[in-house]
Student: 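The structure follows.
Atoms within each ligand, like the ligands themselves, are counted from 1 in listed order.
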Amino acid sequence: MTARIIDGLLLSKQLRAEAAQRVVALTARGYRPGLAVLLVGNNAASQIYVRNKIKACDDNGLYSVCNHYTDKLTEIELLSRIKALNHDPKIHGILVQLPLPPHINTHKIIEAISPEKDVDGFHVANAGALMTGKPLFQPCTPSGVLKMLEWKNIPLAGSNAVVIGRSNIVGKPMAMLLIQADATVTVCGQKTRNLATHTRSADIIVTATGKSNLITANMIKPGATVIDVGISRDNNGKLCGDVDFDSVCKVAGYITPVPGGVGPMTITMLLISTIEAANRTAR
Ligand code: NAD
């Protein structure tokens, strides 16, 4: 078997075209969706992610503000900037790029963002509401994964889903979304004993660890769907995910590539969330 590719770039292109039309309509009514991105320090990967997010805003007609601070920025200064953005009517979404430098308390910063502008869905109000299925915003990466599964009509109800990685950003909300879709969900982490016993019974695997080649062909049930959220670099510096793509694609039914899979969908969902936020203020 050769797995079919779930092309995140292609789905993103379609969704961004729809998003751009909504932006035109909202802008015409005086509610141009606006995103503020705050970056502190010089993390190279974060700088690339932020650049891509701002470019996606520009390409699709959203207003955006990018504040890049040195790592000398104090927690008080960052809190004060967030407070100003909470009250800025041109801004509908506020995103603080993580990780923050160690002298800044990440939890305190996320909690300072108004839940109505928390387009990442990380605020306790939105993370908590995800439990009941009614958040204002869902975290972008897991909601992008769900969109990819729905796009390919991959059955979720009654399926065995294994999520590898249990972070607040990806793994936990991913598990929650799959539970809401009536999947039977197992969440694995670094201390899970014998990961392969779990993955071999999975119809759907979502892996988000950042450990290259963690998932190999012998861990996959033939025909399973394999979603690779991980981003890392191999020994040659080439971008890769958690999955040994070349071997796993011979066993899986569907697979996402890295790059070109989940990554573009994360940004697409960020745009959609910002548009939704603007739309709420326009009602
Ligand atoms: P994290 O470091 O917060 O969490 C990693 C998780 O993986 C932890 O829960 C840990 O227990 C688990 N883990 C680590 N090694 C493991 C192992 N050997 N077996 C089982 N579980 C293991 O990271 P994160 O923020 O959740 O991100 C995870 C990966 O996804 C990273 O590579 C990150 O760059 C990537 N990511 C990609 C996107 C995207 O848009 N494609 C978005 C967010 C994160």
Side-chain angles (χ1 to χ4, degrees), residues 5-9 11-12 15-16 37 39 43-53 55-56 95-100 102 106-107 110 119-122 127 130 137-149 161-178 185-200 202 205-216 218-220 226-234 237-245 255-273:
I5 305 286
I6 310 181
D7 184 342
L9 278 173
L11 178 56
S12 276
L15 293 173
R16 288 186 200 192
V37 181
L39 172 63
N43 181 308
S46 292
Q47 289 183 54
I48 296 170
Y49 297 148
V50 166
R51 206 180 308 138
N52 290 342
K53 287 167 188 175
K55 182 176 184 311
L95 183 152
V96 177
Q97 186 66 43
L98 302 180
L100 287 168
T106 302
H107 180 73
I110 300 296
V119 278
D120 258 338
F122 296 163
L130 186 62
F137 302 101
Q138 295 176 350
C140 300
T141 302
S143 68
V145 169
L146 205 72
K147 271 260 186 275
M148 295 173 103
L149 295 169
V162 170
V163 178
I164 310 167
R166 33 154 295 243
S167 70
N168 292 338
I169 295 173
V170 188
K172 280 188 218 163
M174 186 73 250
M176 210 51 69
L177 291 176
L178 288 165
V185 183
T186 304
V187 181
C188 300
Q190 209 158 10
K191 304 224 164 129
T192 297
R193 286 193 297 266
N194 203 347
L195 184 62
T197 57
H198 298 283
T199 56
R200 278 193 201 112
I205 296 172
V206 181
T207 179
T209 70
K211 302 282 180 287
S212 59
N213 291 323
L214 178 69
I215 307 299
T216 48
N218 62 342
M219 296 168 75
I220 306 292
V226 180
I227 307 286
D228 194 352
V229 179
I231 302 176
S232 54
R233 300 223 173 239
D234 68 14
K238 199 178 140 221
L239 207 65
C240 64
D242 295 353
V243 175
D244 175 14
F245 185 89
I255 192 166
T256 61
V258 178
V262 176
M265 285 300 294
T266 296
I267 298 184
T268 299
M269 300 317 288
L270 173 67
L271 299 180
I272 292 173
S273 288

Student: Distance-only, no hydrogens or angles: does the Thr256 side chain make a donor-acceptor pair with backbone N or O of Asp228 under 3.5 Å?
Tutor: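 A pair under 3.5 Å: yes.
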Student: Tell me whether Arg166 at atom CZ has more than 12 heavy atoms from other residues, nucleotides or ligands lying less than 6.0 Å away.
Tutor: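 Counting neighbours around CZ of Arg166, 12 or fewer heavy atoms of other residues, nucleotides or ligands fall under 6.0 Å, so no.
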Student: Any non-hydrogen protein atom below 4.0 Å of atom 2 (O) of ligand 1?
Tutor: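 Under the 4.0 Å cut-off, atom 2 (O) of ligand 1 has no protein heavy-atom neighbours at all.
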Student: What are the two closest non-hydrogen atoms of Ser12 and Thr268, and how far apart are they?
Tutor: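 Ser12 and Thr268 have their closest heavy atoms at OG-OG1, 2.8 Å.
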Student: Which residue owns the protein heavy atom closest to atom 44 (C) of ligand 1, what's the atom, and how far is it?
Tutor: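 For this ligand atom, the closest protein heavy atom is Val170 CG2, 3.9 Å.
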Student: Is there side-chain contact between Asn168 and Phe122, with at least one heavy-atom pair below 4.5 Å?
Tutor: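 No. Closest side-chain heavy atoms not under 4.5 Å.
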Student: Taking C-beta and beyond as the side chain, do Asp242 and Val229 meet within less than 4.5 Å on heavy atoms?
Tutor: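 Side chain of Asp242 against side chain of Val229, heavy atoms only: no contact under 4.5 Å found.
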Student: How far is atom 20 (C) of ligand 1 from its nearest protein heavy atom, and which residue and atom is that?
Tutor: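 Minimum-distance protein heavy atom for atom 20 (C) of ligand 1 reads Gly189 O, 3.1 Å.
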Student: In the protein, which heavy atom is nearest to atom 33 (C) of ligand 1, and how far is it?
Tutor: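 Here the nearest protein heavy atom works out to Ile231 N, 4.2 Å.
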Student: Return the residue, atom name and 0.1 Å-rounded distance of the protein heavy atom closest to atom 25 (O) of ligand 1.
Tutor: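 The closest heavy atom on the protein side is Ser167 OG, 4.1 Å.
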Student: Below 3.5 angstrom, do we get any N/O pair linking Cys188 and ligand 1?
Tutor: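 No, there is no polar N/O contact under 3.5 Å.
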Student: Measure the shortest side-chain to side-chain distance between Thr266 and Tyr49 over non-hydrogen atoms and say whether it is less than 4.5 angstrom.
Tutor: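 No, their side chains stay 4.5 Å or more apart.
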Student: Just which atoms of ligand 1 are under 4.0 Å from any heavy atom in Gly263?
Tutor: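 Counting atoms of ligand 1 from 1, those under 4.0 Å from Gly263 are 40 (O), 41 (N).
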Student: Using a 4.0 Å heavy-atom cut-off, say whether Ile164 meets ligand 1 through its side chain, its backbone, both or neither.
Tutor: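 Only the side chain of Ile164 comes within reach of ligand 1.
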Student: In terms of atom number and element, which parts of ligand 1 are under 4.0 angstrom from non-hydrogen atoms of Gly165?
Tutor: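 Selected atoms, number and element: 6 (C), 7 (O), 9 (O), 12 (C).
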Student: Tell me whether Arg166 has any N or O atom under 3.5 angstrom from an N or O of ligand 1.
Tutor: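 It does: an N or O of Arg166 is found under 3.5 Å from an N or O of ligand 1.
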Student: Less than 4.5 Å apart, any side-chain heavy atom of Leu39 and any of Gln47?
Tutor: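 Yes, their side chains come closer than 4.5 Å.
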Student: Against heavy atoms of Ala208, which atoms of ligand 1 measure under 4.0 Å?
Tutor: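 What qualifies from ligand 1 is 5 (C), 6 (C), 7 (O), 28 (C), 29 (C).
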Student: Only heavy atoms of Thr266, strictly under 4.0 Å: list the atoms of ligand 1 that pass.
Tutor: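 Taking each heavy atom of Thr266 in turn, ligand 1 has 39 (C), 40 (O) under 4.0 Å.
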Student: Hey, which atoms in ligand 1 end up nearer than 4.0 Å to a heavy atom of Val229?
Tutor: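 Close to Val229: 30 (O), 35 (C), 36 (N), 37 (C), 38 (C), 41 (N).
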Student: Any idea which part of Leu214 is under 4.0 Å from ligand 1, heavy-atom wise: side chain, backbone, both or neither?
Tutor: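 It is the side chain that touches ligand 1; the backbone stays farther off.
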Student: At less than 4.0 angstrom from any non-hydrogen atom of Thr141, what atoms of ligand 1 do you find?
Tutor: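 Heavy-atom distances to Thr141 below 4.0 Å select 40 (O), 42 (C), 43 (C).
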Student: Got an N/O contact under 3.5 Å between Gln190 and ligand 1?
Tutor: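 Yes, since at least one N or O of Gln190 sits under 3.5 Å from an N or O of ligand 1.
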Student: Are a donor atom and an acceptor atom from the side chains of Asp234 and Ser212 found within less than 3.5 Å of each other?
Tutor: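 Distance-only check fails for Asp234 and Ser212.
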Student: Please state which part of Lys211 comes within less than 4.0 Å of ligand 1, counting heavy atoms only: side chain, backbone, both or neither.
Tutor: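 The answer is the side chain.
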Student: Roughly how far, to the nearest 0.5 Å, is the CD1 atom of Ile169 from the CE atom of Met174?
Tutor: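 Here the rounded value is 14.5 Å.
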